[in-house]
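Down below is the structure, laid out as C-alpha cells.
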There are 2 protein chains.
Amino acid sequence: MARPKDPAVRTLLLERAGQMLRTRAPITLRSLVADTGYSTMAVYTHFGSMDGLWTALRQEGHTRMGVLFRELPTTDDPVLDLAAHVTAYIQNALDHPDLYRVMFDATFGLDDAQAADDGLECMVQSALRGVEAGRFAEDVVPLDLAVQTWAVAHGLSSLVANGPQPVETLRHGPLLLEGLFVRVGDKLDRCQASVGQAWKQAGLPMAG
Amino acid sequence: MARPKDPAVRTLLLERAGQMLRTRAPITLRSLVADTGYSTMAVYTHFGSMDGLWTALRQEGHTRMGVLFRELPTTDDPVLDLAAHVTAYIQNALDHPDLYRVMFDATFGLDDAQAADDGLECMVQSALRGVEAGRFAEDVVPLDLAVQTWAVAHGLSSLVANGPQPVETLRHGPLLLEGLFVRVGDKLDRCQASVGQAWKQAGLPMAG
DNA sequence: TACATGGCATAGCTATGTTATGTTTTCCGG
DNA sequence: CCGGAAAACATAACATAGCTATGCCATGTA
C-alpha cells in the first residue's frame, strides 16, 4: 500500500549518466537531474546514494559487455572465437573508455561479480570447445584459460583505453594470444591464422 | 628577490598524502594539512591545486617503481631478470594497491610519461640481453617485447590489486610469460626454469 | 637598511553529496 | 467508493569539498 517506484525514472537517470560519461561531462547530483523534471531526491529513491548510481553504472558496463559477448557468432574455429572475444573486449574498452574505467576503478559489489562472471562464462565455453576440438591440450582447464585470456585482453585494454600507451600497442595482441594458445597446446600456424583473422575482422592495429 | 619555497613542505605533504593513501584515509585538502602546522594554502603554493597533488602522487608511484626496477640484480639469465621485473611489478601493485590505482586512473601529464618510460627502459635492457644471449630470436625488437611483457604484468596486476580477481589468479603468470617468451624464441624448458625461479623467489602464487 | 616579492594564514566563496521536512501520489482495506 | 497510510517526490537547509581574495611577514636584493 504505497506508491511504486517508476522504473522509467531509474532508466532515464542511468541513460543520462551514461551519456554524460561519454560526453565527459562531470556527473554530479544536481547536473544529473537537471532538466529531467525530477529533483535530486530521485537519485536517492532509485539508487540510495551517488555511490549507488556509480555501482549501477558499473553493472551496466558489465552487462553491456556480456551482451556483446553473447552476440558473438560461434564458428567451427574455437580459437578464432576466443580471440574474437578478446577483440570485442578491447573494442568495447576503446569505444567506451570512461565506462570501462568505471567498471574497474572501485571495489566490487556482489551483483557486479556475477555480471563479470557472466562475461567470463562465454570465454570459458570457447575454451572448452577448443579443448574438445583438440586445439588445446586435454588437461587444460577451460576456466583457467579463460582467465588467462582475460588477463591479456584486460592488460592491453587498460594500457591503451585509459592508460599511457597509444592504440598501436594493440598490435602486440596477436603475438600475446598466440604465445598463450600455443603454450596450452595449439599449433602455431593454425593459431596464427585464427588469431590473425579475429584481429583483422575487428580492424585492430596489426604488427608489421 | 623573494622568499623561496621550502622543499621540506612539499616533501612533508607528499609523504603524508602517501601515508593517507596507504591508510585508505580520504585525502582532502583540509585533512591533508591538518596537524602539519601549515594551512591549506601550502598545497596551492607547492602543487597549484589538488589535482597537482594527485599528479605528484602519480609521479611518486612511477619513480618508486623505477627505483624498484633499478634495484633488481642483473644475473646471467636475462629471461629470469625479465620475469623478475614482472614479479616486482606485481609485488609493488599488491603492496601499494591504492598508489598503483592512482598511477593509472587519470590522464597523464608529460613528466609522468617520462617516469613510466624509465620503468620500461629496464625491461628493454633485459629483453635486449635476452636477444644477445640467444634466448630470443634475432629479429625480436626489445622495446616490443618489453611492452608485451608489461601488458601481461599490468593485466594480472590490475585484475588482482584493484580488480575482481583473487590473488590466486597470479598463478597464471608463469604460463602467460612462458607463452610469450617461447613465442619469441626461447626454449620451453629453459624458459620454465627461468620464469619459475623468478616466481618462486617472489613468493607469488604458483600453479598446481 | 629599505623594499618588494612571494610564501603562508585567515576567512569566505561556490558547489558537492546528503538529509530533514513537507507534499502528493498511489495502493489497499473497509 | 472512499479514507488512510506508505512511499515517491519537492524543497530547502546542512556539512564539507576545493578554491580564492586578502593581508601579513619572512627573505633576498639593491
Side-chain angles (χ1 to χ4, degrees), chain A residues 1-60 98-99 101-102 105-109 112, chain B residues 1-60 98-99 101-102 105-109 112:
Chain A
M1 56 221 246
R3 182 178 172 185
K5 304 186 186 184
D6 187 356
V9 177
R10 183 189 159 94
T11 304
L12 172 68
L13 291 177
L14 255 183
E15 285 184 354
R16 192 177 159 86
Q19 179 185 346
M20 294 174 73
L21 207 59
R22 273 174 247 123
T23 322
R24 280 179 170 68
I27 299 182
T28 180
L29 175 64
R30 287 172 175 79
S31 70
L32 180 63
V33 298
D35 305 325
T36 61
Y38 295 96
S39 75
T40 60
M41 278 303 298
V43 173
Y44 288 85
T45 49
H46 289 278
F47 300 99
S49 69
M50 217 48 184
D51 261 15
L53 176 86
W54 289 106
T55 298
L57 268 178
R58 284 207 304 273
Q59 186 88 2
E60 272 284 304
D98 301 276
L99 183 56
R101 182 198 310 199
V102 170
D105 76 353
T107 61
F108 275 63
D112 288 304
Chain B
M1 59 224 248
R3 184 177 171 187
K5 303 187 186 186
D6 186 356
V9 178
R10 183 190 158 94
T11 304
L12 172 69
L13 291 178
L14 255 184
E15 284 184 355
R16 190 178 162 85
Q19 180 184 345
M20 296 175 72
L21 208 60
R22 276 176 242 120
T23 322
R24 282 177 169 68
I27 298 182
T28 176
L29 175 64
R30 287 173 174 80
S31 71
L32 180 64
V33 299
D35 306 323
T36 61
Y38 295 96
S39 75
T40 60
M41 277 304 297
V43 173
Y44 288 87
T45 45
H46 289 279
F47 301 99
S49 70
M50 216 46 184
D51 262 15
L53 176 85
W54 289 107
T55 299
L57 268 178
R58 286 207 302 274
Q59 185 87 1
E60 273 284 304
D98 302 277
L99 183 56
R101 182 197 309 198
V102 170
D105 76 352
T107 61
F108 275 63
D112 287 304

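Naming convention: chains lettered A, B, ... in sequence-line order (proteins, then strands); numbering from 1 in each chain.
Place B:P4 and B:I27 on DNA chain D by their nearest nucleotides, and B:I27 ends up nearer the 5' end.
Note: CE (A:M41) to C1' (C:dG22) measures 12 Å, nearest angstrom. B:H46 has its NE2 atom 16 Å from the P atom of D:dC19, to the nearest Å. In this structure, the CG atom of A:D6 is 12 Å from the P atom of D:dA10, given to the nearest Å. Between A:F47 atom CZ and C:dT18 atom P there is a gap of 13 Å when expressed in whole angstrom units. Computed from coordinates, the A:R10 CZ to D:dA8 C1' distance equals 15 Å when rounded to whole Å. Distance CG (A:L32) to P (C:dG17): 9 Å, rounded to an integer number of Å. Between the C1' atom of C:dT18 and the CH2 atom of A:W54 lies a distance of 17 Å, rounded to the nearest Å. Protein atom CG of B:D51 is 16 Å distant from nucleotide atom P of D:dA17, rounded to whole Å.
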### Message
Would A:Y38 and A:L13 count as a side chain to side chain contact (heavy atoms under 4.5 Å, CB included) here? Give the steps.
### Response
CA-CA 10 Å; A:Y38 295 96; A:L13 291 177; 5.7 Å; no
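Checking C:dT18, C:dC8, D:dG18 against every side-chain atom of B:L29, the shortest atom distance belongs to D:dG18. The side chain of A:Y38 lies closest to D:dA10, out of C:dG12, D:dA10, D:dA21. Of the candidates C:dG12, D:dA8, D:dA10, D:dA8 carries the atom nearest the A:K5 side chain, counting heavy atoms from C-beta on. Considering only the side chain of A:R30, D:dC14 comes nearest among C:dA20, D:dC19, D:dC14.
Counting all heavy atoms, side chain and backbone alike, B:L99 lies closest to B:L57 at CD1-O, 3.7 Å. Nearest approach of B:V102 to B:W54, heavy atoms of both residues: CG2-CZ3, 3.9 Å. Nearest heavy atom pair, residue A:V9 against residue A:A42, reads CG1-CB, 4.3 Å. Across all non-hydrogen atoms, the minimal contact from B:R16 to B:L32 is NE-O, 2.6 Å.
Note on B:M50: only backbone sugar-phosphate atoms sit closer than 4.0 angstrom, heavy atoms only; bases stay farther off. Among the atoms of the strands shown, none is found under 4.0 Å from any heavy atom of B:G48.
Side-chain nitrogen and oxygen atoms of B:Y44 include none within less than 4.0 Å of the OP1 or OP2 phosphate oxygen of D:dT20. Dashed line: the shortest gap from a side-chain N or O of A:T28 to OP1 or OP2 of C:dT16 is under 4.0 Å. Taking only side-chain nitrogens and oxygens, B:T45 comes nearer than 4.0 Å to OP1 or OP2 of C:dC8.
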